[in-house]
Each structure stands twice: as structure tokens, then as C-alpha cells.
2 protein chains.
Amino acid sequence: MVTEQGSAFERGKLTDPDCPTRLVLDRIGDKWTVLVVTLLADGPLRFTQLRAGIGGVAPKVLTQTLRALERDGLVTRTAYPEIPPKVIYELTELGHSLRAPVAAIADWSERNVNRILAARTAHDQA
Amino acid sequence: MVTEQGSAFERGKLTDPDCPTRLVLDRIGDKWTVLVVTLLADGPLRFTQLRAGIGGVAPKVLTQTLRALERDGLVTRTAYPEIPPKVIYELTELGHSLRAPVAAIADWSERNVNRILAARTAHDQA
DNA sequence: CAGCATCCTACAGGATACTG
DNA sequence: CAGTATCCTGTAGGATGCTG
């Protein structure tokens, strides 16, 4: 399988530490980002709603995740100067577009998780 | 949440710590797995060839990565009892099939990395 | 050549408590 | 409500040296 021109695999950029794929992988590879994006996919949510939707995230960590998402232009943060405060998080268009590739991962995962688990069990026997 | 039947996003499994997507994300989210899979995509390679192809991996870490891939049935390891030793790593069919979703990530990354970087810079100004 | 054994450190992630 | 401020720990990843 020497060449398969056009595929993302032949561009050889993955060896570069600043490679785009690495950048994105570092983002979605963390513990909560994909979950947050998924929850926001159906519409804007408040901080507490996200917290509840996830279950078991320390507020500090959720804040970190959201701030990073905001910094990368994937999420907007809108604070309403009320008392008590209200903050709305919403996916940007860029954030929404991320759903497609993530769905590709999710679909592959669900179709193949059994094979992985089986291989794992078999391997752990021996 | 509201329901948008069919999409991988509404299955609500991501909240489950044992969710398939989390499992795969934990795999490909690490530092070297995607790179190894990419290198093996064009054909089998020896340990040293992988090392060279990556550049800067500690042998221990590369071994860990390969063992994990082997355990999950994504890579086969074939040791030839010669002196000096020769070990060939090769993608399984399952391993090859992983290339597609990873390519989806890679494509999205390359198309949008500029937007992310721009958002990042803009955000860091303010 | 293809690794294992050992030691080490940075940092992601978490627990807990407090506040504008 | 939506966070900060602190403190703490597990572990991924790395550096170095040795061996069948």
C-alpha cells in the first residue's frame, strides 16, 4: 500500500509537533471537551446545566475546559450581569463543524468496540 | 436531551465512563498512537523503523504504545527468533479501518487549524 | 536489535472551601 | 449562580543504563 494519494496519511505532518492533527487531538483527547461539545450540540447551556449534564466534574476543571474551548473559537461565553449571575455557553459555527469528525470517531467506536474488547480479553488470557 | 434521532450525539453514551467513544478517544488521544498507526498504514515496519519514523520517542514509551495497540487488536507483533532479533509490527484489518475516522479528524484539522490559531491569537490579545 | 528495569518530573484532573 | 483559590495525587511520558 505504497501510495494512496490525497489521504491525510501521506502528508507526513504528524511527525511535526505543531501538526494540525496533533493540535486537535490534544483538544478532543482530553477528558471533557468532546462531552461538552456534544451537550452543546443541541443548543446553548448554562454553566450549571453543563455541570449537571456531565456529572462529577469539578467546577474548576469544567471552567478550564470551557475557557480552552472559548480561546480556540469553538464556544462563545456570554455573561449576563444579573444577580444571581447567568452565563450561557454556545457552540460557534466552528464548534458545530467539529461534530462531524467527532461523529466519525463515535460511529467507528460503536461499530468496533466489541472487537477491541474481545481482542483485549483474549490477549489478557494469554 | 431534545432528541435528534440517529446522530451519534443523542445516544447519550458519552456520559458513561465506559462509553465506546471515550475508549477510543483515550487510545488515539495519547501522544504516539495515531502516529504509529499512520506510519504502519503503508505497510509493516520494524521497531527501529518506527522509532526512526517518529523521532524522539523513548523506546519504553514506543513499546508501551505498541503493546497497547496489540492488546486491542489493532496491530500484530511478529518476532523472528534470529540474532540479532527482528520484530515486525503490522496493522490488522481493524487497525486499517481506524484510518478512516482518523482521516476525518486530520482533514477537519487541516481545514480549520487556521481558524483555531486565529481565534487563539485574538483571544490572547484581549 | 528490541527491548526491560529504574528512576524521575510535569501536569491533567480532582477535592474542598470560599466569594462577588 | 458561576465561578476562584488551594492543595493534592495519579500517571503519562521521558532519561538513562543494561541485556538476551
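Chain letters run A, B, ... following the sequence lines, proteins first and then strands; every chain starts at 1.
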- Only counting residues at least two apart or in another chain, list the ones meeting side chain to side chain donor-acceptor pair (under 3.5 Å) with B/S97. A/W108
- Message: Can you give me the bend angle of the helix from C/dC1-D/dG20 to C/dG20-D/dC1? Use the axis through the first five pairs and the one through the last five, nearest 10 degrees.
- Response: 60°
- In 5'-to-3' order, the base (B), backbone-only (S) or no-contact (-) status of each nucleotide in nucleotides 14-20 of chain C, using a 4.0 angstrom heavy-atom cut-off, is BB----B
Using OP1 and OP2 only, check whether a side-chain N or O of [X] sits under 4.0 Å from [N].
| X | N | result |
| --- | --- | --- |
| A/T48 | D/dA2 | yes |
| B/R46 | C/dC1 | no |
| B/R51 | C/dA2 | no |
| A/Y89 | D/dC1 | no |

- Task: Would you mind listing every side-chain hydrogen bond (donor to acceptor under 3.5 Å, both in side chains) that reaches into residues 45-65 of chain B, with sequence neighbours excluded?
- Result: none
Could you tell me how far apart [X] ([atom1]) and [N] ([atom2]) are, to the nearest whole angstrom?
| X | N | atom1 | atom2 | answer |
| --- | --- | --- | --- | --- |
| A/F47 | D/dT4 | CZ | C1' | 10 Å |
| B/L62 | D/dA12 | CG | P | 16 Å |
| A/I83 | D/dA2 | CD1 | C1' | 12 Å |
| A/I54 | D/dG3 | CD1 | P | 13 Å |
| A/D30 | C/dC11 | CG | C1' | 13 Å |
| B/L50 | C/dC1 | CG | P | 14 Å |
| A/Q64 | C/dC11 | CD | C1' | 10 Å |
| B/R22 | C/dG13 | CZ | C1' | 12 Å |

- Counterpart residues, salt bridge (charged side-chain N to carboxylate O under 4.0 Å, His left out), relative to B/R120 (two or more places apart): A/D72
- Ignoring hydrogens and angles, tell me if any N or O in the side chain of A/R22 forms a donor-acceptor pair with the backbone of B/K31 under 3.5 Å. yes
- Message: Short of 4.0 Å, heavy atom to strand atom, which residues of residues 66-78 of chain B count as contacting DNA chain C?
- Response: B/R67, B/R77
